[in-house]
Amino acid sequence: MPNGGSWLDQYVNELPKKPWFKRAGAWILVPFWAWRTPVKPLPGGARPSIQPGENLQSMMNLIMPLKKENKSPIGRAKAALAIAENKDQIFAGLDNVGTVHFARFVIVNDNICMFSVYDGDFSNYIRDFIATIGSVFNAVVELVEGGDDVIPCEENVEAFIQWIHEHDLYQVPDTATDFLRDQEALNGDRAVSPVNDDLTLLPRKMVLQLRANANVSLGSGYRAYPGFSVAQVRKQLGLGW
Amino acid sequence: MMERGMVDALVAQQLVDDMISNLPKHDRGKRPVHTIGVGVDGYFTASDVAHKYCIAEHFSGQRICAKVRFSNASGGPEQHDGWSDVRGMATRFLLPSGAATDLIATTLAEFFARNVKDFFEFTKFDKHEPYQRESPWRKILDMLQLKVPRRDPYPGEKTNASAGILSYANRHRFGQLAVFEAKLIGAPRSYARAAYHAIHTFIVEGSDGVRRPVRFSWQPVAGVRNTNPDVPPNDDYLRQELDHRLRQWPARFMLMMTIGEAGDAIDAIDDPTRPWPARRVRVVMGTLTLTNVPKDQAAAGEHISFNPWRLVHGIEPSGDRILLARRDAYEVSRKMRGGIACPFNRS
């Protein structure tokens, strides 16, 4: 807010917008503080909950880096083909599993991404998909880093579920301070009693967490009709099953 | 409704006194907080589905006359529309039966205290202290620590309570979300371009007899938009903007009702410091249409004594202890400023 400080003050206020200062922040300050105050990656996926509404319309956000030999237009084309060739299997799987609202495959740079919104338990969701469209997973996962260890997925069900879970993005909570609670849950809450946190450190904690979890989902998603399952929507719309 | 679960009158008086004692200036004839405001006339029309969820008279589908008072949350006689601050939206529904009911909401979606004890603790920290521009060297030090430097004071801002409130939040995790969000809240371009949340849980009864825990929010049809924080703030624009806006076209708000779930922990239902997850079912309960800013502002807003416990058949308060405390504190405040009791109140 320009309100008449000294020239030095005004210059300092503008510092965060200066390219050289941004570079210094990214190359020096962030690595320094990451070294001084190490931050572990937070686990991905939806949070477990007993609440019915929390178990509907959950998000899965898989980011799977293509293998080195596939980091090229040819490799990306292979990934696109793997999806295109299996279109019927995917639709059949969606109809049979019955708990998936949406599923999308997206190529971003040299990553193949699968984003979906599903009802119910995560492991059961993947288990059902392995049973119905395991061949699609195999076709995609064989193109990505670390994928060879878990395919064919039908024969490595638990390992495959764990692999998927590890590639699922951390979902930053809808409320900023709940992110602090996630860190405390992961690292152990070192607060003494009475608590005396330092909320001014929240920006640094967020920066360092986003260094540890470079890809994240921001919030739990914005829903036009929260609280309803695929089955309820289809029933209410008279679409049958 | 007004006889349920009394808070000691002395406690309510103490709450109001403590708030007033923390203000740099206070006019006894005015509200201790949300002092500066503007009254607006309008009407509310319930949605087609509202009555299914709540049998209260204003959800029956008839057009309901409404009086709304928008306000800046700060107490005291000084007006600073452009300063970052929570805003209030108090709505009185004037029902065809002759009764009235109020819905009081703010742009802050959560409160910073769970109960009266917490609130008294907050008032110990909520003290104005001299507020000065940080030195450039201090700002650089903050940046080197990946902290956000303290904002520069607004023109004319000599004191504020931000340091004390931050200390309170550091010591009380339940209050951190509200304090954090209040710090970032900014100033709306218009009172009609902010979302307002009633914070507390109420219990509504549907036409099927089912009782549900719910929370209400007003969503502006014009969308949410704040002023640019990088330009010097304007101290006096919100009333004129609203007047100008309504001379051209009505402004509308959708009343959204979020339904708590069976199995929600009792603390989450009754604790105003805890937001409900975004995954709870939301129902459109109706539309509020604002039509004009009356010239007689005393009648339009300043003389109206809102109270979150002014409820009618079909809506009841939850066990939220802050909601309970607000009932008596609002009444104390009304009496202290010589406000008139609600002529429509039949309870």
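In the text below, chain A, chain B and the rest are named by the order of the sequence lines, each starting its count at 1.
Only the side chain of Leu15(A) comes within contact range of chain B, judged by heavy atoms closer than 4.5 Å. Looking at Arg181(A), only its side chain comes within 4.5 Å of chain B, counting heavy atoms on both sides. Heavy atoms of Phe21(A) lying under 4.5 Å from chain B belong exclusively to its side chain. Heavy atoms closer than 4.5 Å to chain A are found in both the backbone and the side chain of Gln145(B). Neither the backbone nor the side chain of Tyr222(A) comes within contact range of chain B, judged by heavy atoms closer than 4.5 Å. Contact of Leu166(B) with chain A is made through the side chain alone, with heavy-atom distances under 4.5 Å. Contacts of Glu54(A) with chain B are made by both backbone and side-chain atoms, with heavy-atom separations under 4.5 Å. Neither the backbone nor the side chain of Ala24(A) comes within contact range of chain B, judged by heavy atoms closer than 4.5 Å.
For the set Lys147(B), Glu134(B), Arg150(B), the count of heavy-atom pairs under 4.5 angstrom toward chain A peaks at Lys147(B). The most heavy-atom pairs under 4.5 Å with chain B, out of Leu208(A), Asp174(A), Leu56(A), Val30(A), come from Leu56(A). Listed options Ile140(B), Val148(B), Thr258(B), Leu177(B) were ranked by heavy-atom pairs under 4.5 angstrom with chain A; first place goes to Leu177(B). For chain A, the option among Leu184(B), Leu146(B), Asn170(B) with the highest count of heavy-atom pairs below 4.5 Å is Asn170(B). Comparing Gly221(A), Pro173(A), Gly53(A), Gly227(A) by heavy-atom pairs within less than 4.5 Å of chain B, the highest count is held by Gly53(A).
If you take CE on Met143(B) and CG on Asn13(A), they are separated by 6.5 Å, rounding to the nearest 0.5 Å. For the atom pair Leu169(A) CG and Asn213(A) CG, the distance stands at 8.5 Å (nearest 0.5 Å). Taking CZ from Arg204(A) and OG1 from Thr37(A), the interatomic distance works out to 5.5 Å, rounded to the nearest 0.5 Å.
Cation-pi geometry between Arg223(A) and Phe228(A) is not met at under 6.0 angstrom from the ring centre and within 45 degrees of the axis.
Side chains of Val204(B) and Phe59(B) form no contact here, defined as non-hydrogen atoms less than 4.5 Å apart. Proximity of Phe122(B) to His172(B): side-chain heavy atoms (C-beta onward) are nowhere separated by under 4.5 Å.
One finds no salt bridge joining Asp271(B) and Arg114(B) here, because no Lys/Arg side-chain nitrogen approaches an Asp/Glu carboxylate oxygen to under 4.0 Å. Between Asp121(A) and Arg127(A), no side-chain nitrogen of the basic residue sits less than 4.0 Å from a carboxylate oxygen of the acidic one, so the salt-bridge criterion is not met.
The shortest heavy-atom contact between Pro220(B) and Ala195(B) is CD-CA, 3.8 Å.
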